[in-house]
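Because the structure is a prediction, the values reported are computed rather than measured.
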Amino acid sequence: MAGEVLLGHLQKAYYDADGVGGSSWSEIGQAADIRVNKDNNRVEIHERGVSVVLEKLGRTKVEVTMTLTVRPGATFYEAMRTAALAKTSVGFAFASANIATNGTKAWQGDLLIVGWPENGAMEGAKPSTYCSCLMQTRHQNRNT
């Protein structure tokens, strides 16, 4: 997908159940394959007498997906499950280093969990869920 970023081991992901500007960021350590997709909507412009359709970029749509191991009682898992069931947003930040370090570049925003399948485990496999989140508020790029 265009604009997709897969967070690697040199990047940090954080969440705050209270949202961006909430009480504090907690590092996400229980999620695998965190993907941040940023795609622009397209707007078609049709003009009389012009034989081609013009396209312009519209607003940016942000989607974050991740795979979580089902761990009832684990803080991050419970925060995500609670937000999914209550249909409330969660603050996320994706940073180039520790978010508290001076000069760290970070992208942050409040996201609504729109997909929360509860999958059972097959023999020997750990149960997991594939969590899909959509942007709810304006994102911010920031330097600390």
So, do Y77 and W116 have ring centers that fall under 6.0 Å from each other?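 Yes, ring centres under 6.0 Å apart.
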
Pairs of donor and acceptor atoms involving the side chains of residues 79-87, under 3.5 Å and at least two apart or interchain, shall be tabulated with distances.
from : atom 1 : to   : atom 2 : distance (Å)
R81  : NE     : E118 : OE2    : 3.2
T82  : OG1    : E78  : O      : 2.7

Would you name the heavy atoms of [X] and [Y] that are closest together and state the gap between them?
X: I99; Y: A93; value: CD1-CB, 3.7 Å
X: A13; Y: I34; value: CB-CD1, 3.8 Å
X: T104; Y: A95; value: CG2-CB, 3.7 Å
X: S89; Y: L112; value: N-CD1, 4.0 Å
X: V90; Y: D16; value: CG1-O, 3.8 Å
X: L111; Y: F92; value: CD1-CD1, 3.8 Å

How long is the gap from CG on N41 to CG on L57, to the nearest 0.5 Å?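 Reported to 0.5 Å precision, the distance equals 9.5 Å.
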
Donor-acceptor check, side chain of [X] to backbone of [Y], threshold 3.5 angstrom: yes or no?
X: D110; Y: G19; result: no
X: S96; Y: K105; result: yes
X: Y15; Y: S26; result: no

Would you mind reporting whether [Y] and [X] have side-chain heavy atoms less than 4.5 Å apart?
X: N40; Y: R59; value: no
X: W25; Y: Q108; value: yes
X: F94; Y: V64; value: yes

Taking salt bridge (Lys or Arg N to Asp or Glu O under 4.0 Å) as the definition, give me every residue that meets it alongside E27, ordered by chain and number, with sequence neighbours left out.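 Testing E27 for salt bridge (Lys or Arg N to Asp or Glu O under 4.0 Å), a comparison that skips the adjacent residues, returns K12.
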
When Ile, Leu, Val, Met, Phe, Trp and Tyr are grouped by side-chain heavy atoms lying under 4.5 Å apart, directly or through other members, which residues fall in the same group as V52?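 V52 clusters with I45, V50, L54.
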
